[in-house]
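Have a look at the structure below, then the notes.
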Amino acid sequence: MVSLYLVQHGKAFDERVDPERRLTPEGVFETERIARYLNGVGVTVAEIVHSGKARARQTAEIFAKYLGVSNVREVDGLNPSDDPRIWFERLSGLDHDLMIVGHLPHLSRLVSLLITGNPPTLRSLSLGILAY
């Protein structure tokens with residue numbers, strides 16, 4: 001059985017402060033804390049993929065550092081408004097443990113699709129999931 005970890009990027013600066021919306025010091029600290037915890041409980045993944053946005057890349061790099069993952073790459077289809085069916089279809093043939101670092105509302109829509117087989121019909125709900 002393969003494991004899939006869906007991660008929302010860490011806390012980022014407001015666009016008015018940093019147009020690239022990089023992680024704040026608090027966002028870095030919180031992401032490192034979670035990554036250390038996951039390492040401590042034995043979570044491993046073969047690959048980490050992330051959107052092209054700076055905050056997702058930074059979050060992925062932090063997880064990679066603490067989990068010892070060298071296969072980290074930017075992929076398409078993970079931006080906030082992207083269609084979740086793109087990754088729903090890609091995940092159907094998943095054969096290795098994977099961490100996806102992305103954004104809301106995309107991640108919540110993807111979870112809905114993975115659980116129910118249908119995209120959500122209501123506005124996105126906030127969600128937090130940690131499974132190991």
Side-chain angles (χ1 to χ4, degrees):
M1 179 171 90
V2 298
S3 295
L4 172 65
Y5 299 89
L6 301 176
V7 177
Q8 180 187 2
H9 63 78
K11 183 177 181 181
F13 284 104
D14 184 273
E15 190 173 21
R16 292 170 293 185
V17 175
D18 177 5
E20 291 187 42
R21 302 224 38 225
R22 290 177 282 240
L23 296 182
T24 65
E26 180 184 7
V28 170
F29 175 79
E30 290 173 347
T31 302
E32 287 178 335
R33 189 179 68 187
I34 294 166
R36 278 193 304 271
Y37 172 79
L38 293 178
N39 180 49
V41 298
V43 168
T44 60
V45 296
E47 180 181 24
I48 300 175
V49 297
H50 60 86
S51 78
K53 297 190 180 293
R55 56 197 181 272
R57 177 186 44 78
Q58 287 179 286
T59 301
E61 289 170 350
I62 291 169
F63 276 98
K65 173 184 170 185
Y66 285 92
L67 298 178
V69 179
S70 59
N71 189 7
V72 180
R73 63 190 176 97
E74 178 182 323
V75 297
D76 67 338
L78 294 179
N79 286 316
S81 299
D82 285 345
D83 187 338
R85 290 176 287 210
I86 295 168
W87 274 90
F88 179 77
E89 291 170 8
R90 290 178 185 173
L91 293 171
S92 67
L94 188 65
D95 63 357
H96 60 280
D97 294 343
L98 176 67
M99 178 176 285
I100 295 176
V101 181
H103 313 267
L104 294 178
H106 178 266
L107 289 174
S108 62
R109 292 177 182 151
L110 179 57
V111 167
S112 177
L113 192 55
L114 290 168
I115 292 172
T116 68
N118 295 307
T121 55
L122 301 175
R123 289 181 30 183
S124 294
L125 303 174
S126 295
L127 93 113
I129 297 175
L130 174 62
Y132 60 91

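If you take CG on Asp97 and OH on Tyr5, they are separated by 6.0 Å, rounding to the nearest 0.5 Å. The distance from the CD atom of Glu47 to the OG atom of Ser70 is 10.0 Å, given to the nearest 0.5 Å. Summarising the geometry, atom CG belonging to Leu104 is positioned 4.0 Å from atom CD belonging to Gln8; distances are rounded to the nearest 0.5 Å. A distance of 11.5 Å separates CD1 of Ile86 from CG of Leu113, quoted to the nearest 0.5 Å. Considering CG of Leu110 and CD1 of Ile115, their distance stands at 9.5 Å, rounded to 0.5 Å. Of the inter-residue distances, the one linking Leu6 atom CG with Met99 atom CE reads 9.5 Å to the nearest 0.5 angstrom.
Here the shortest heavy-atom pairing between Gly77 and His106 reads O-NE2, 3.1 Å. Closest of all the heavy-atom pairs between Ala56 and Ser51 is CB-OG, 3.3 Å. Closest non-hydrogen pair, Pro105 versus Ser108, comes out as O-OG, 2.9 Å. For the pair Arg109 and Pro84, the tightest heavy-atom approach, listed with the atom from each and the gap, is CB-CG, 3.8 Å. Here the shortest heavy-atom pairing between Glu74 and Gly52 reads CD-CA, 3.4 Å. For Glu26 against Lys11, the heavy-atom pair with the smallest separation is OE1-NZ, 2.8 Å.
Here ring pair (Phe, Tyr, Trp, His ring centres under 6.0 Å) pairs that include residues 72-105, with residues two or more places apart or in two chains, are His9-His103.
Between the Asp82 side chain and the Leu78 main chain, a donor and an acceptor come within less than 3.5 Å of each other. One N or O on the side chain of Thr59 and one on the backbone of Gly10 form a donor-acceptor pair closer than 3.5 Å. The backbone N or O of Ser81 sits nowhere less than 3.5 Å from a side-chain atom of Asn79 that would complete a donor-acceptor pair. Put simply, the side chain of Thr31 gets close to the backbone of Gly27: a donor and an acceptor are under 3.5 Å apart.
Other members of the hydrophobic cluster containing Tyr66, listed by chain and number, are Leu23, Val28, Ile62; membership follows side-chain contacts under 4.5 Å among ILVMFWY residues, whether direct or relayed.
Exactly one residue among Leu38, Leu4, Val69, Leu98 makes a side-chain contact (heavy atoms from CB on, under 4.5 Å) with Val45. That residue is Val69.
Side-chain atoms of Pro19 and Phe13, non-hydrogen and from C-beta on, never get closer than 4.5 Å to each other.
At a threshold of 4.0 Å, the pair Asp76-Arg90 counts as salt-bridged, since one of the basic side-chain nitrogens sits closer than that to a carboxylate oxygen. Between Glu89 and Arg85 no salt bridge is recorded (no basic side-chain N to carboxylate O distance below 4.0 Å).
Cluster annotation: Val101 and Phe29 are assigned to distinct hydrophobic clusters (Ile/Leu/Val/Met/Phe/Trp/Tyr, side-chain heavy-atom contacts under 4.5 Å, transitive).
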side-chain contact (heavy atoms from CB on, under 4.5 Å) between Ile100 and Leu91, intermediate numbers included:
CA-CA 11 Å; Ile100 295 176; Leu91 293 171; 4.2 Å; yes

Could you walk me through whether Phe63 and Ile34 pass the side-chain contact (heavy atoms from CB on, under 4.5 Å) check?
CA-CA 8 Å; Phe63 276 98; Ile34 294 166; 3.9 Å; yes

Pair Gln58-Arg22, side-chain contact (heavy atoms from CB on, under 4.5 Å): steps then yes or no
CA-CA 7 Å; Gln58 287 179 286; Arg22 290 177 282 240; 3.2 Å; yes

Salt bridge (charged side-chain N to carboxylate O under 4.0 Å, His left out) between Lys65 and Glu61, intermediate numbers included
CA-CA 6 Å; Lys65 173 184 170 185; Glu61 289 170 350; over 6 Å; no

